[in-house]
Student: 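Structure in structure tokens, see below.
Below, chains carry the letters A, B, ... as their sequence lines are ordered, and counting in each starts from 1.
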Number of protein chains: 2
Amino acid sequence: METHGLFHTIHQLSRLLTKLVNETLQPFGLYSAQWAVLFVLKTKGAMPQSALCEYLAVEAPPMTRTIQRLAKQGYIRQVPGEDKRIKVIHLTEKAREAYPEWEQAVLSMNDRLLERVPEEQRTLVQLALYDWLGKLKGDLHE
Amino acid sequence: METHGLFHTIHQLSRLLTKLVNETLQPFGLYSAQWAVLFVLKTKGAMPQSALCEYLAVEAPPMTRTIQRLAKQGYIRQVPGEDKRIKVIHLTEKAREAYPEWEQAVLSMNDRLLERVPEEQRTLVQLALYDWLGKLKGDLHE
DNA sequence: TCCAATTAGTTACTTAGGTAACTAATTGTA
DNA sequence: TACAATTAGTTACCTAAGTAACTAATTGGA
């Protein structure tokens, strides 16, 4: 198991986790990319679209699409900022009402996914990956 | 940094790694999904398309597409098996000739990506993730 | 033996992400 | 101040992976 093994494992994990979250959210008509946005808005409050991109480390075009779908579903509002280029994204009342149910489903799924990983190991892996990601992103901008 | 953090980190890593490999392979007109197939064929030898799917943990339709593109580029041949449903995928001579150059580029990129991660930590994370992935896949089939 | 069930692969359509090229608004500078 | 450069967001088109529904070949059971 050399470098290929690690990369392949990460890709597989990423795909599998997305798939399981999608299954969890299916009853609510949501997909993982939409959930990520809703979660950030609920946790951090309303923010410009560009801030959502930065926070989720996603380029602008996919964010535009996700935002547009959420708007169509009535879960967010796009409020023009005083800088007229900016769209500030707000959760709607409809989203705030439904949110606890979504969150409950996702959190209990997450717990189920992680219950087989010992707490200590989990933290260790998390820190190591986070650190590695940071270094990689740092390398890119130099 | 709770469960969301870990999942988000894994997704970001996966996307970033794919992106960097794609950049590495761009001069050769290859993409990461194609490289994965070429690597397996070179390492394990010719095999049916279904075996490639299983090995790379990818569903049949994306594999069909990748195979078709590789065939169009002249890097693989699809040889009908004695069971006429099966297509056995072989590397062509053209692919074998170019392979060392591809491999050199990818391996040196991989080394560069991992050079900032201490050897010991790397092994530890690799084993932990591999173990976790195995448990998750096990849970699915029960 | 013959027909139902399974298997290998394909086709059509979906989510999710990326880059390049664009528009409109704003900022900075000669 | 006027115009160039930058920024926010969109549009068009790309890779990559997924599901559902299909065809063709093979296997197994009544």
Student: In terms of ring plane angle, is the pair A:Trp102 and A:Tyr75 parallel, tilted or perpendicular, where the classes change at 30° and 60°?
Tutor: perpendicular
Student: Going through the checks in order, is the side-chain contact (heavy atoms from CB on, under 4.5 Å) test met by B:Gln12 and A:Lys137?
Tutor: CA-CA 10 Å; B:Gln12 272 193 77; A:Lys137 291 208 284 192; 3.1 Å; yes
Student: Quick check: closest heavy atoms across A:Ala95 and A:Leu91, and the distance to 0.1 Å?
Tutor: CB-CD2, 4.0 Å
Student: Please state how far atom OH in A:Tyr31 lies from atom P in C:dG17, giving the value in whole angstrom units.
Tutor: 14 Å
Student: Kindly say if A:Ser32 contacts the phosphate of C:dT15, meaning a side-chain N or O under 4.0 Å from OP1 or OP2.
Tutor: no
Student: Could you check how far NE2 of A:His11 sits from P of C:dA16, rounded to whole Å?
Tutor: 19 Å
Student: Quick check: closest heavy atoms across B:Met63 and B:Val37, and the distance to 0.1 Å?
Tutor: SD-CG2, 3.8 Å
Student: For the pair made of CD in B:Glu59 and C1' in C:dA12, what is the distance, rounded to whole Å?
Tutor: 16 Å
Student: Would you say B:Lys94 and B:Gln73 are linked by a side-chain donor-acceptor pair, where the criterion is simply a distance under 3.5 Å?
Tutor: no
Student: How would you give the extent of chain B contacts on DNA chain D, as first and last nucleotide 5' to 3' within a 4.0 Å heavy-atom cut-off?
Tutor: D:dT15 to D:dT26
Student: Expressed as a whole number of angstroms, how long is the span from A:Arg15:CZ to C:dT15:C1'?
Tutor: 14 Å
Student: For DNA chain D, which residues in residues 67-90 of chain B have a heavy atom at a distance below 4.0 Å?
Tutor: B:Arg69, B:Glu82, B:Asp83, B:Lys84, B:Arg85
Student: Step by step, would you call A:His90 with A:Val88 a side-chain contact (heavy atoms from CB on, under 4.5 Å)?
Tutor: CA-CA 7 Å; A:His90 295 254; A:Val88 180; 3.5 Å; yes
Student: Partners of A:Ala105 by side chain to side chain contact (heavy atoms under 4.5 Å, CB included), sequence neighbours excluded?
Tutor: A:Thr24, A:Phe28
Student: Name the nucleic acid region contacted by B:Ala33, choosing base, sugar-phosphate or nothing; use a 4.0 angstrom heavy-atom cut-off, strictly under.
Tutor: sugar-phosphate
Student: Mind listing the closest non-hydrogen atom pair of B:Ile89 and B:Ile76 along with its distance?
Tutor: CG2-CD1, 3.8 Å
Student: Taking the six-membered ring where the residue is Trp, are the ring centres of A:Trp35 and A:Tyr99 under 6.0 Å apart?
Tutor: yes
Student: Need one value for B:Ser50: base, sugar-phosphate or nothing, where a base atom within 4.0 Å counts as base even if backbone is also close, heavy atoms only.
Tutor: sugar-phosphate
Student: Over how many whole Å does the gap from B:Ile10 atom CD1 to C:dG17 atom C1' extend?
Tutor: 18 Å
